[in-house]
Amino acid sequence: MQFLLNPWPWWVSGPLIGLTVGLLLVLGGHNLGVSSSFRNLCAIVLPKSRLPYLARYDLKANGWKLIFVAGIVLGSLIAVRFLSADPVEFLPAHYHSASGALKLIGGGFLVGFGTRWARGCTSGHAIMGLSNLQLSSLYATLSFFAGGLAAAGIALLLQGAAS
Amino acid sequence: MKNLRYLLIGTYFGLVLTKSEVVTWHKIRAMFYFREPDLYLIIGSAVVVGALCVLWIRRAKPRTPFGETVAIEPAPMHRGLFFGGFLFGLGWFITGTCPGPIYAQLGGGEFFAVFTLFGALIGAYAYAWLQPRLPD
């Protein structure tokens with residue numbers, strides 16, 4: 001039982017994450033993706049928007065996405081409440097501050113803007129798209145890492161300059 | 001019942017995401033600083049299993065329990081993959097979170113993920129607003 005309560009190693013969790021692609025296709029008839037839920041949420045919050053991106057969005061056909069992400073919330077709650085020996089540290093303590101909140105809003109903006117422009121995120125492109133051998137998803141995944149590694153380089157330079 | 005399955009599959013996905021710890025800031029930093037190979041191995045093995053699922057579905061052509069056909073959608077090539085992908089990568093590093101983990105953090109009791117989600121929705125709205133003026 002103890003091994004279930006510890007963090008799961010990559011060779012367990014990686015294949016189980018990949019299995020989501022098959023489960024969602026075979027049981028649900030849909031392709032894995034999470035970031036399109038932002039479009040759902042925007043269209044729901046702003047039902048009278050005349051922006052074509054929101055007004056032309058078929059909320060009924062895409063409604064399953066919100067149910068799916070509600071499931072992610074529930075699944076993580078179960079993992080933390082019933083399947084973890086130690087508390088999970090999602091964000092480090094220094095993010096729990098006003099400056100941390102600003103960083104999360106600014107970074108979150110890039111996540112929302114970028115994934116909608118790229119029409120997919122780590123789930124839709126890096127997992128679903130690569131599983132389907134899509135060259136476009138490979139370019140997207142490489143772009144994700146180019147952005148992340150560029151930010152990592154800048155962060156290291158700034159730290160070096162500060163010390 | 002038809003919608004319950006999405007809740008169940010999402011629950012499975014959220015549970016596995018949190019147990020794999022890909023939803024934590026320090027794992028994402030460890031990936032981008034090449035401190036540990038875990039995230040690369042997780043994505044790699046997920047793609048191998050996902051590809052086997054896709055291969056089997058293409059051969060067996062199953063239907064869902066509700067009789068719906070299973071369509072595997074192509075991902076078209078466009079310029080936003082590069083521009084948007086790069087911007088998302090920056091945000092991924094800053095927040096230590098990609099879209100799935102935002103929801104997982106919320107469920108796991110990380111209140112500050114509300115800020116990440118708020119930012120993401122503003123970002124998605126900004127995209128909706130700028131879309132006619134951006135390269136596709």
Side-chain angles (χ1 to χ4, degrees), chain A residues 7-8 10 13-18 20-23 25 29 31 34-35 38 42 51 53-54 64 67-69 71-77 79-80 90-91 101 104-105 107-118 121-122 129-132 134 136-137 139-140 143-144 147-148 151-152, chain B residues 3 5-7 9-11 13-16 18-21 25 32 38 41-42 45-47 49-51 53-54 62 64 68 70 73 75 77 80-82 84-95 98-100 103-108 110 115-116 119-120 123-125 127-128 131:
Chain A
W8 297 351
W10 69 266
S13 54
L16 290 179
I17 289 173
T20 316
V21 168
L23 287 174
L25 279 168
N31 293 240
V34 175
S35 66
F38 300 150
C42 282
L51 295 173
Y53 189 73
L54 300 179
W64 69 273
I67 304 167
F68 179 70
V69 299
I72 297 179
V73 174
L74 183 64
S76 181
L77 175 81
V80 165
F90 290 100
L91 293 168
L104 292 175
I105 293 172
F109 180 94
L110 292 169
V111 171
F113 191 92
T115 54
R116 287 300 74 222
W117 199 358
C121 60
T122 341
L130 288 187
S131 293
N132 191 21
Q134 297 292 297
S136 49
S137 292
Y139 288 151
S143 304
F144 301 164
Chain B
N3 281 327
R5 57 189 162 155
Y6 300 117
L7 188 74
I9 302 164
T11 303
F13 190 49
L15 197 156
V16 179
T18 291
K19 285 313 294 176
S20 72
E21 299 215 313
W25 180 91
F32 282 129
D38 296 35
L41 292 167
I42 286 173
S45 56
V47 169
V49 172
C53 292
V54 168
T64 73
E68 299 133 323
V70 176
E73 291 159 11
M77 198 66 81
L81 294 167
F82 300 91
F86 187 86
L87 293 178
F88 162 50
L90 295 175
W92 192 9
F93 178 86
I94 295 170
T95 61
C98 50
Y103 296 107
Q105 290 187 348
L106 286 173
E110 175 53 74
F115 295 113
T116 322
Y125 181 71
Y127 174 74
Q131 192 206 23

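As the structure is a prediction and not an experimental result, all values here were calculated from the model. We name chains A, B, ... by the order of the sequence lines, and we start the count at 1 in each one.
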Original post:
Side chain, backbone, both or neither: which part of B/Q105 has a non-hydrogen atom closer than 4.5 Å to chain A?
Top reply: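 Both backbone and side chain of B/Q105 come within 4.5 Å of chain A.
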Original post:
Under a 4.5 Å heavy-atom cut-off, does chain A meet the side chain of B/Q131, its backbone, both or neither?
Top reply: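 Only the side chain of B/Q131 comes within 4.5 Å of chain A.
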Leading residue by heavy atom contact count with chain A [cutoff under 4.5 Å; candidates [options]]:
options	answer
B/T11, B/L87, B/T18, B/V47	B/T11
B/C53, B/G100, B/G80	B/G80
B/L106, B/L41, B/V54, B/N3	B/L41
B/D38, B/I9, B/V70	B/I9

Taking all atoms of both residues into account, what is the closest heavy-atom pair of [X] and [Y], and its distance?
X	Y	result
B/V49	A/G18	CG1-C, 3.9 Å
A/G14	B/S45	CA-OG, 3.3 Å
A/G108	B/T95	N-CG2, 3.4 Å
B/Y125	A/C42	N-SG, 3.9 Å
B/A128	A/L54	CB-CG, 4.0 Å

Working to the nearest 0.5 Å, report the span between [atom1] of [X] and [atom2] of [Y].
X	Y	atom1	atom2	value
A/L110	B/F86	CG	CZ	10.5 Å
A/F90	B/E21	CZ	CD	8.5 Å
B/Y103	A/I72	OH	CD1	8.0 Å

Just so I know, are the side chains of [X] and [Y] near enough to count as touching, which here means a heavy-atom distance under 4.5 Å?
X	Y	value
A/I17	B/I42	yes
B/I94	A/F109	no
B/P99	A/T115	yes

Original post:
Parallel, tilted or perpendicular for A/Y53 and B/Y127, by the 30°/60° rule?
Top reply: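 A/Y53 vs B/Y127 ring planes: perpendicular.
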Original post:
Mind checking whether B/F88 and A/F144 have ring centres under 6.0 Å apart?
Top reply: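 Ring centres of A/F144 and B/F88 closer than 6.0 Å.
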Original post:
Hey, is the main chain of B/A75 close enough, under 3.5 Å, to the side chain of A/Q134 for a donor-acceptor pair?
Top reply: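 At least one qualifying donor-acceptor pair exists.
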Original post:
Is A/S76 reaching over with its side chain to a backbone N or O of B/G107, donor-acceptor style, under 3.5 angstrom?
Top reply: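 Not confirmed, A/S76 side chain does not pair with B/G107 backbone.
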**OP:** Quick one: which of A/A152, A/A79, A/G29 has the most heavy-atom pairs under 4.5 Å with chain B, could you say?
**Re:**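 Of the options given, most contacts go to A/A152.
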Subject >> Greatest number of heavy atom pairs closer than 4.5 Å to chain B - which of A/G147, A/A151, A/S137, A/G114 >> reply: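 Option with the greatest count: A/G147.
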Original post:
Going through the checks in order, is the side-chain contact (heavy atoms from CB on, under 4.5 Å) test met by A/T20 and B/V16?
Top reply: CA-CA 10 Å; A/T20 316; B/V16 179; 6.0 Å; no
Original post:
Can you name the side-chain hydrogen bond (donor to acceptor under 3.5 Å, both in side chains) partners of A/N132, sequence neighbours left out?
Top reply: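 With neighbours one apart ignored, the set is B/R58.
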**OP:** Please state whether the side chain, the backbone, both or neither of A/L91 comes within less than 4.5 Å of a heavy atom of chain B.
**Re:**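 Backbone plus side chain of A/L91, per the 4.5 Å heavy-atom cut-off to chain B.
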